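Sharing a structure with you now.
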Amino acid sequence: MTETRHDTGYDRLLEDFGRHLQEAEARAGSSQRRRRRVAAGTVVLASLAVGTLLLTGAGGGGRLDIVAQAKAALAPAGHVVHLVTTSHMEMRGGSGAEIVGPEAEENTPRVTERWSTSQPTRWRVASAVPIVTAHGTFTGSVQLSYGGGTEKTYIPSLGTLDITTSVSEDTPRVSLSNGPLGTDPVARIRSMLEAGQLHAAGTGTIDGHPVKRLVGEELNLPLRAPHPPWPVEYDVDPETYAPVRFTVEEVGISFRGNTGTPTEVVDVNTYEALPLNETSAALLSIHPAGNPTVVHHDREREELTAQSARHRAHDQRRRGRQAPVG
Amino acid sequence: MADDQRLDVGALYARHRDELLAFFVRRTSDTEVALDLWGETFAQALAGRGRYRGGTEEEAGAWLYGIARRQLARYYRRGSAERRAMTRLGIERPTINPDTEAEIIHRAGLNEVRQAIAAGIAMLPEDTREAVTLRIVDELSYPDLAARLAITEQAARQRVSRGMRTLGCVLDTQTLTEALQT
């Protein structure tokens with residue numbers, strides 16, 4: 001006896017979920033391949049993430065004066081903004097703030113120094129980060145810079161200078177590739193302020209000092225795994241509106257053996273706006289010592305090559321499906 | 001799919017997707033909870049595939065069901081299904097319409113399981129019995145069940161999961177054992 005059935009959506013449900021699973025596997029595979037490249041000798045650029053913070057989000061509104069002042073403090077016309085920050089992770093809302101277990105090793109406070117200017121966008125970031133090589137992991141200095149479509153990465157301990165051209169400043173690679181706040185956190189925060197994604201949320205106190213607080217939510221961004229909105233807090237000096245602290249709660253992320261929400265905390269130790277002149281402009285560029293090995297990359301060409309490879313693979317798959325059996 | 005992994009999650013999914021969903025439906029009598037557990041199990045398999053040390057299809061299936069039973073045991077203990085791996089991987093749990101739900105129930109043979117549950121319900125304490133009867137036999141939603149019993153939805157979920165755990169002897173002895181041990 002045959003049974004007559006109508007489409008209940010059952011098969012579609014299972015196929016859809018299978019596709020989501022496959023897409024997630026592709027994302028995971030991609031990030032794993034990135035990690036392997038790191039192990040082969042390049043530095044973990046993403047490790048700068050620990051020293052920075054993600055600030056994007058929805059919302060908006062709030063008092064324009066605070067937002068405008070905070071924005072102006074981060075991009076004063078004709079100045080180079082110099083920031084020194086110390087960042088660490090802590091658990092919030094759990095039984096203990098201190099992280100225990102495997103993640104604790106990665107959680108040593110990290111000091112990062114940044115110089116940036118706008119119109120046009122240029123920045124340099126210097127940080128001590130874990131450098132992973134085929135011979136082990138050690139802490140070393142790393143510098144990254146961006147300006148005029150060229151991104152540079154300099155690792156003194158390895159004696160390498162990677163130069164990538166054709167990099168647009170508004171590509172996710174530049175703004176987001178290196179951690180929660182991106183390679184240039186100042187630009188990231190400013191873009192949040194400009195987009196109305198941070199809004200005034202009263203005042204607070206940090207280490208006994210009063211601050212004005214802006215809050216928002218970091219939503220899913222390109223090149224990142226989707227996640228629930230992450231609450232973001234941006235504290236500024238009530239008089240100068242200079243940045244004091246950034247925090248982002250990574251809701252939905254858990255660290256084994258810990259309770260609560262992993263929270264990135266970036267404290268601003270130094271903030272100054274230097275007049276843009278020959279001396280301060282030099283701070284925006286990397287000045288390698290000695291003769292590092294220079295490797296050139298062309299982002300545009302690499303993307304075209306990758307695209308071409310994808311098309312070839314697609315054609316091969318299609319031909320494979322059409323090939324006669326037997 | 002990643003070539004360098006010992007475990008082909010896509011193939012594992014294709015082999016076990018239907019039977020694993022039925023496994024959860026029969027053991028929770030709740031399609032929503034079952035879909036949570038089912039999705040989370042595959043997400044955990046994907047997230048943890050680097051730890052897989054087996055080689056054959058049978059070993060892969062056994063490994064998957066190990067994850068499934070741990071998920072189920074945790075649900076029996078806590079009254080709620082975990083979605084951590086799905087969230088972390090950015091995988092959304094599927095939503096269903098009444099037609100799909102009816103087919104899931106049909107394929108799992110849930111109506112027969114419900115009869116077995118109804119038969120075993122006498123062994124439950126009174127408050128748990130009432131919660132399980134309203135949820136599993138009368139198919140009240142959790143909000144309605146909570147309103148009927150004048151308790152919170154969370155308490156209602158816990159009461160039902162507690163009852164299901166007790167009824168494990170008519171459902172799955174191994175799962176019950178794990179729930180009691182962990």
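Note that the coordinates shown come from a computational prediction; the quantities given were computed from them, not determined experimentally. Protein chains get the first letters and strands the later ones, always in sequence-line order, with residue 1 at the start of each.
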Inset, instruction - Please determine if R107(B) forms a cation-pi arrangement with Y10(A), meaning its NZ or CZ atom is less than 6.0 Å from the six-membered ring centre and no more than 45° off the ring axis. - result: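 Here R107(B) passes the 6.0 Å and 45° test against Y10(A).
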
Legend entry - chain A contact via Y13(B) - which portion, at a heavy-atom distance below 4.5 Å: side chain

Legend entry - Proximity breakdown for E101(B) and chain A, heavy-atom pairs closer than 4.5 Å: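 Neither; nothing under 4.5 Å.
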
Legend entry - Short side-chain to backbone donor-acceptor contact, R26(B) and A108(B), under 3.5 Å: yes

Legend entry - E19(B) vs H16(B), side-chain hydrogen bond (donor to acceptor under 3.5 Å, both in side chains): CA-CA, chis, key distance, verdict: CA-CA 6 Å; E19(B) 66 175 40; H16(B) 296 284; 2.9 Å; yes

Legend entry - Sidechain N-carboxylate O distance under 4.0 Å for R157(B), E153(B): yes

Legend entry - Choice from A45(B), A43(B), G39(B) maximising heavy atom contacts with chain A below 4.5 Å: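 Heavy-atom pairs under 4.5 Å are most numerous for G39(B).
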
